[in-house]
Amino acid sequence: VRGMMYYRKALMLQSYLERMHSEDLESAFDMAGLADTHFEYSPEARAQADLKFTYVVTCQIYGVQKGEGKPEAADIALLMQRNEALRIAYIDVVESVKNGKPSTEYYSKLVKADIHGKDK
């Protein structure tokens, strides 16, 4: 996972450097040291990285764990909050009654964390 996070950061840095108005390539590299601390805060660089990079992890029982309030679900939610390019795919189970008989339906869901840490 760490390698994937570095790839996203590299895309953000590349986008940041491409957007900088520099006279030549050498001055862009001289400014790269400054970019190292600021490129992650650039909304444009983050948006460009989001267009090019997202990673999906499957945790088929995430919905069940979340519904039961298990710590594993909280850990997954924290990972999504800390890694905005992370998406979780899981199976959602919906119990209902149809024509007087219990019915179970299964749906595939893909979620990410919003700015408040809620599934979106």
Side-chain angles (χ1 to χ4, degrees):
V1 172
R2 186 169 290 268
M4 289 185 279
M5 293 171 12
Y6 287 143
Y7 180 71
R8 180 171 170 21
K9 284 186 177 185
L11 286 172
M12 289 169 49
L13 179 59
Q14 178 185 9
S15 175
Y16 183 83
L17 291 173
E18 287 174 354
R19 289 187 160 281
M20 291 173 55
H21 298 290
S22 60
E23 294 295 318
D24 58 49
L25 190 59
E26 185 176 320
S27 65
F29 281 113
D30 290 340
M31 297 175 82
L34 294 173
D36 191 40
T37 59
H38 300 289
F39 73 93
E40 291 183 20
Y41 301 111
S42 167
E44 294 85 7
R46 294 177 93 75
Q48 190 65 30
D50 286 343
L51 288 173
K52 293 182 178 185
F53 179 75
T54 299
Y55 51 106
V56 176
V57 176
T58 61
C59 180
Q60 294 182 357
I61 60 171
Y62 173 64
V64 173
Q65 290 174 334
K66 187 176 153 189
E68 294 174 355
K70 293 205 172 182
E72 293 88 347
D75 292 343
I76 292 170
L78 182 61
L79 281 173
M80 286 193 293
Q81 287 174 344
R82 291 186 177 170
N83 302 288
E84 61 192 89
L86 176 62
R87 307 295 184 262
I88 301 294
Y90 69 95
I91 304 298
D92 190 29
V93 181
V94 177
E95 304 280 341
S96 63
V97 177
K98 291 187 179 180
N99 300 326
K101 295 181 182 177
S103 174
T104 304
E105 295 179 352
Y106 300 92
Y107 298 95
S108 178
K109 285 198 171 180
L110 181 66
V111 295
K112 67 177 186 174
D114 67 9
I115 60 171
H116 304 293
K118 305 287 184 192
D119 286 357
K120 179 177 172 183

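Everything numeric here is computed off the predicted structure, so don't read it as measured data. Atom set for the values below is all heavy atoms of this structure, side chains included, hydrogens, waters and symmetry mates excluded.
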What salt bridge (Lys or Arg N to Asp or Glu O under 4.0 Å) pairs are there with at least one residue in residues 84-100, not counting sequence neighbours? Arg8-Glu84, Arg46-Glu84, Asp92-Lys109, Lys98-Glu105
State which residue, out of Leu110, Val56, Thr58, Val111, fulfils the side-chain contact (heavy atoms from CB on, under 4.5 Å) condition with Ile88. Val111
The complete set of ring-ring contact (aromatic ring centres under 6.0 Å, His included) pairs with one or both residues in residues 78-104, sequence neighbours excluded, reads Tyr62-Tyr90
Could you state the interatomic distance from CD1 (Ile61) to CD1 (Ile91), rounded to the nearest 0.5 Å? 11.5 Å
From Lys112 NZ over to Gln81 CD, what is the distance, rounded to the nearest 0.5 angstrom? 13.5 Å
Please table the atom pairs, donor to acceptor, closer than 3.5 Å between any side-chain atom in residues 64-80 and protein atoms at least two apart or in another chain.
{"residue": "Lys66", "atom": "NZ", "partner": "Asp119", "partner atom": "OD2", "Å": "2.6"}
{"residue": "Glu68", "atom": "OE1", "partner": "Lys70", "partner atom": "NZ", "Å": "3.4"}

